[in-house]
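Encoded as structure tokens, the structure appears first; notes follow it.
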Amino acid sequence: MKRGAKNNRVGFGWPGIDFARRNKKADRLKLVLLALAAIAGLLAPGARAQQQASANPETSLSDALSAACRQDSPAFANSLTSDNATAFRALPGAQRTAMMKRFVLLEEPGKPLLSTGSNGQKIVRCESPSFTTEMRLGETRVRENLAFVPMEIPITGENPRTITFGMVREGGNWKLLSVGLMMLDVPAMAKQWEQADLDANEDAAIADLRSVASALDTYRRAYGKLPDALTALGPAPPNGVSPEAASLLDADLAAGSKDGYTIRYTITPAAGNLPEEEADKAENFSLASCPKEYGKAGRRSFFLDSSGVLRGADKQGGVATSTDPRIGPP
């Protein structure tokens with residue numbers, strides 16, 4: 001009260017305020033603040049550890065590789081810069097998975113195992129049912145808000161693959177910036193990888209067509225005529241091959257559907273009035289292969305006939321014909 005009275009005398013008092021009641025409230029507030037400070041003290045070690053972990057480029061990179069190993073899209077997105085994370089989350093699920101596969105060189109989801117090598121550097125192992133990759137992180141070089149983490153992947157019987165990841169500090173955390181000399185631009189990379197996947201699918205479709213054509217030629221030499229349908233080229237039962245099951249193709253190709261493409265088989269009868277046996281041997285065939293989902297499985301359609309000439313074009317998912325441009329050497 002003396003302090004309040006003194007304030008009143010020098011003109012700093014506030015009318016209508018009970019200073020005794022105000023001091024009690026202040027004391028209670030102090031107790032609350034002290035309690036909160038004590039709780040914060042108990043949590044501080046964990047918070048500091050988390051802050052140190054997020055400030056460590058090697059830890060951030062090993063977290064990204066572990067998420068890619070598990071094919072954990074949400075966790076992997078957290079390892080990307082904000083713009084790339086937004087673009088990554090907007091990708092179709094298959095493209096997100098494909099991107100993570102490329103980071104750990106595995107097709108299947110795996111189990112990440114973290115360890116430390118004899119030199120004190122982190123080692124990330126990704127163990128899948130069929131294969132295991134090991135990624136050894138080297139000594140990090142930090143330049144202000146940038147960090148460069150070298151990584152080595154041992155390969156049995158070959159020289160190890162080496163690559164350097166670029167990291168950038170964003171919001172107090174380290175995020176993936178580049179892979180080798182290539183900036184990690186998710187939208188641009190997604191387009192490149194999508195085109196690469198389309199090219200690979202189209203190459204597989206061409207190889208499938210040639211496999212079917214070869215099987216048809218083999219069937220004709222064995223049985224003197226072409227089969228009525230591709231199903232006759234499929235796997236044989238345990239009791240052996242026959243004209244109805246020649247075991248020349250796998251089940252998918254014999255069903256006319258593989259690698260995202262559908263195959264149509266047509267027989268062109270021989271011209272003229274030939275004896276049946278000669279007419280069978282003179283028959284020609286044609287194969288047309290179209291993407292099931294245009295733009296996803298592939299863009300080009302293909303045509304291959306008995307002459308062995310491959311033709312094709314972007315038919316917007318339609319059927320290729322003998323009038324389409326030739327593909328490959330004459």
Using the ring pair (Phe, Tyr, Trp, His ring centres under 6.0 Å) rule, collect all pairs that involve residues 76-99, keeping only residues at least two apart or in two chains.
Phe76-Phe88, Phe76-Phe103
Using side-chain heavy atoms (C-beta onward) and a distance below 4.5 Å, is Ser66 in contact with Leu114?
yes
Do Leu80 and Met183 sit in the same hydrophobic cluster, where Ile, Leu, Val, Met, Phe, Trp and Tyr count as joined when their side-chain heavy atoms come under 4.5 Å apart?
no
For Val168 and Thr81, work out which heavy atoms get closest and say how close.
CG1-CG2, 3.7 Å
Where do Phe165 and Val179 come nearest, in terms of heavy atoms and distance?
CE2-CG2, 4.0 Å
Check whether Leu137 and Leu113 end up in the same hydrophobic cluster, where Ile, Leu, Val, Met, Phe, Trp and Tyr are linked by side-chain heavy atoms less than 4.5 Å apart.
no
Looking at residues at least two apart in the chain, or sitting in another chain, which of them share a salt bridge (charged side-chain N to carboxylate O under 4.0 Å, His left out) with Lys191?
none
For the pair Asn201 (side chain) and Gly298 (backbone), establish whether a donor and an acceptor sit closer than 3.5 Å, ignoring hydrogens and angles.
no
What residues, two or more places apart in sequence or in another chain, satisfy salt bridge (charged side-chain N to carboxylate O under 4.0 Å, His left out) together with Glu293?
Lys296
Measure the spacing between CG of Asp259 and NZ of Lys292 and express it to the nearest 0.5 Å.
9.5 Å
Rounded to the nearest 0.5 angstrom, the OG-OH distance for Ser286 and Tyr265 is 9.0 Å
Distance only, no hydrogens: is a donor on one side chain within 3.5 Å (strictly under) of an acceptor on the other, for Lys122 and Ser115?
no
Using the side-chain contact (heavy atoms from CB on, under 4.5 Å) rule, take Val124 and Ser62 through it: C-alpha gap first, then chi angles, then the decisive distance, then the call.
CA-CA 7 Å; Val124 182; Ser62 64; 3.7 Å; yes
Can you tell me which residue pairs pass the disulfide (SG to SG under 2.5 Å) test with a partner in residues 168-252, sequence neighbours excluded?
none
With a 4.5 Å cut-off on side-chain heavy-atom distances among I, L, V, M, F, W and Y, is there a chain of contacts connecting Met99 to Leu177?
no
Compare all side-chain heavy atoms of Leu287 with those of Leu216 and state whether any distance is below 4.5 angstrom.
yes
Which atom of Ala288 lies closest to which atom of Val319, heavy atoms considered:
CB-CG1, 3.7 Å
By side chain to side chain contact (heavy atoms under 4.5 Å, CB included), Glu108 pairs with (sequence neighbours left out) Ser128, Pro129, Ser130
Output a table of donor-acceptor pairs, distance under 3.5 Å, between side-chain atoms of residues 227-243 and any protein atom two or more places apart or on a different chain; print 'none' if there are none.
residue: Ser242; atom: OG; partner: Glu244; partner atom: N; Å: 3.3
residue: Ser242; atom: OG; partner: Glu244; partner atom: OE1; Å: 3.4
residue: Ser242; atom: OG; partner: Ala245; partner atom: N; Å: 3.3

Closest non-hydrogen atom pair, Asn284 against Arg220
N-NH1, 4.4 Å
Reported CD-to-CG distance for the pair Glu152 and Asn159, which is rounded to 0.5 angstrom
9.5 Å
Does Arg161 reach the main-chain N or O of Met151 with its side chain, forming a donor-acceptor pair under 3.5 Å?
no
State whether Arg299 and Glu202 are salt-bridged, where the test is any N-O pair (Lys NZ or Arg NE/NH1/NH2 against Asp/Glu carboxylate O) under 4.0 Å.
no
Filter on disulfide (SG to SG under 2.5 Å), then keep only pairs touching residues 251-284, sequence neighbours left out; what's left?
none
Measure from the side-chain N and O atoms of Ser301 to the backbone N and O of Cys290, and report whether any donor-acceptor pair falls under 3.5 Å.
no
Kindly state each residue pair satisfying ring pair (Phe, Tyr, Trp, His ring centres under 6.0 Å) with at least one member in residues 106-159, sequence neighbours excluded.
none
Lys258 side chain near Asp250 side chain, heavy-atom distance below 4.5 Å
yes
Between Ala297 and Tyr261, what is the shortest heavy-atom contact and its length?
O-CE1, 3.7 Å
Donor-acceptor pair between Glu58 and Thr140 side chains, under 3.5 angstrom
yes
Using side-chain contact (heavy atoms from CB on, under 4.5 Å), reason through Lys101 and Thr97 one step at a time and then give a plain yes or no.
CA-CA 6 Å; Lys101 287 179 181 179; Thr97 300; 3.6 Å; yes
Min side-chain heavy-atom separation Ile153-Leu105 under 4.5 Å
yes
N-O pairing of Glu170 and Lys175 below 4.0 Å
no
Could you tell me the separation between the CZ atom of Arg70 and the CG atom of Leu65, rounded to the nearest 0.5 Å?
11.0 Å
Before giving the answer on salt bridge (Lys or Arg N to Asp or Glu O under 4.0 Å), spell out for Glu283 and Lys225 the whole-Å C-alpha distance, their side-chain angles and the decisive distance to 0.1 Å.
CA-CA 8 Å; Glu283 287 178 340; Lys225 66 174 187 175; over 6 Å; no
All N/O donor-acceptor pairs, side-chain side in residues 302-313, below 3.5 Å, sequence neighbours left out:
residue: Asp305; atom: OD1; partner: Ser307; partner atom: N; Å: 3.0
residue: Asp305; atom: OD1; partner: Ser307; partner atom: OG; Å: 2.4
residue: Ser306; atom: OG; partner: Phe285; partner atom: N; Å: 2.7
residue: Ser306; atom: OG; partner: Phe285; partner atom: O; Å: 3.3
residue: Ser307; atom: OG; partner: Val309; partner atom: N; Å: 3.4
residue: Arg311; atom: NE; partner: Ser322; partner atom: O; Å: 3.2
residue: Arg311; atom: NH1; partner: Asp324; partner atom: O; Å: 3.1

Given side chains that start at C-beta, do those of Asp252 and Asp208 come closer than 4.5 Å, heavy atoms only?
no
Just by distance, with hydrogens left out, do Tyr294 and Asp314 show a side-chain donor and acceptor under 3.5 Å apart?
yes
How long is the gap from CD1 on Ile123 to OG on Ser118, to the nearest 0.5 Å?
7.5 Å
Leu91, Met100: one ILVMFWY side-chain cluster at the under-4.5 Å cut-off?
yes
Side chain proximity check, Gln121 to Thr116, heavy atoms < 4.5 angstrom
no
Look at the side-chain heavy atoms of Ile, Leu, Val, Met, Phe, Trp and Tyr, link any pair under 4.5 Å apart, and say whether Leu248 and Ile267 land in one connected group.
yes
Close side-chain approach of Cys126 and Pro112, heavy atoms under 4.5 Å:
no
Please determine if Glu127 and Arg125 form a salt bridge, counting it only when a charged side-chain N lies under 4.0 Å from a carboxylate O.
yes
Between Ser211 and Leu249, the two heavy atoms sitting closest are O-CD2, 3.8 Å
Applying side chain to side chain contact (heavy atoms under 4.5 Å, CB included), name anything that partners Asp197, two or more places apart in sequence or on another chain.
Arg102
ILVMFWY clustering at 4.5 Å (side-chain atoms), partners of Ile155:
none
Identify, with sequence neighbours excluded, every residue that meets ring-ring contact (aromatic ring centres under 6.0 Å, His included) alongside Tyr223.
Tyr219
Ser214 side, atom OG; Leu209 side, atom CG - distance, nearest 0.5 Å:
12.5 Å
Is any side-chain heavy atom of Arg221 closer than 4.5 Å to a side-chain heavy atom of Asp217?
yes
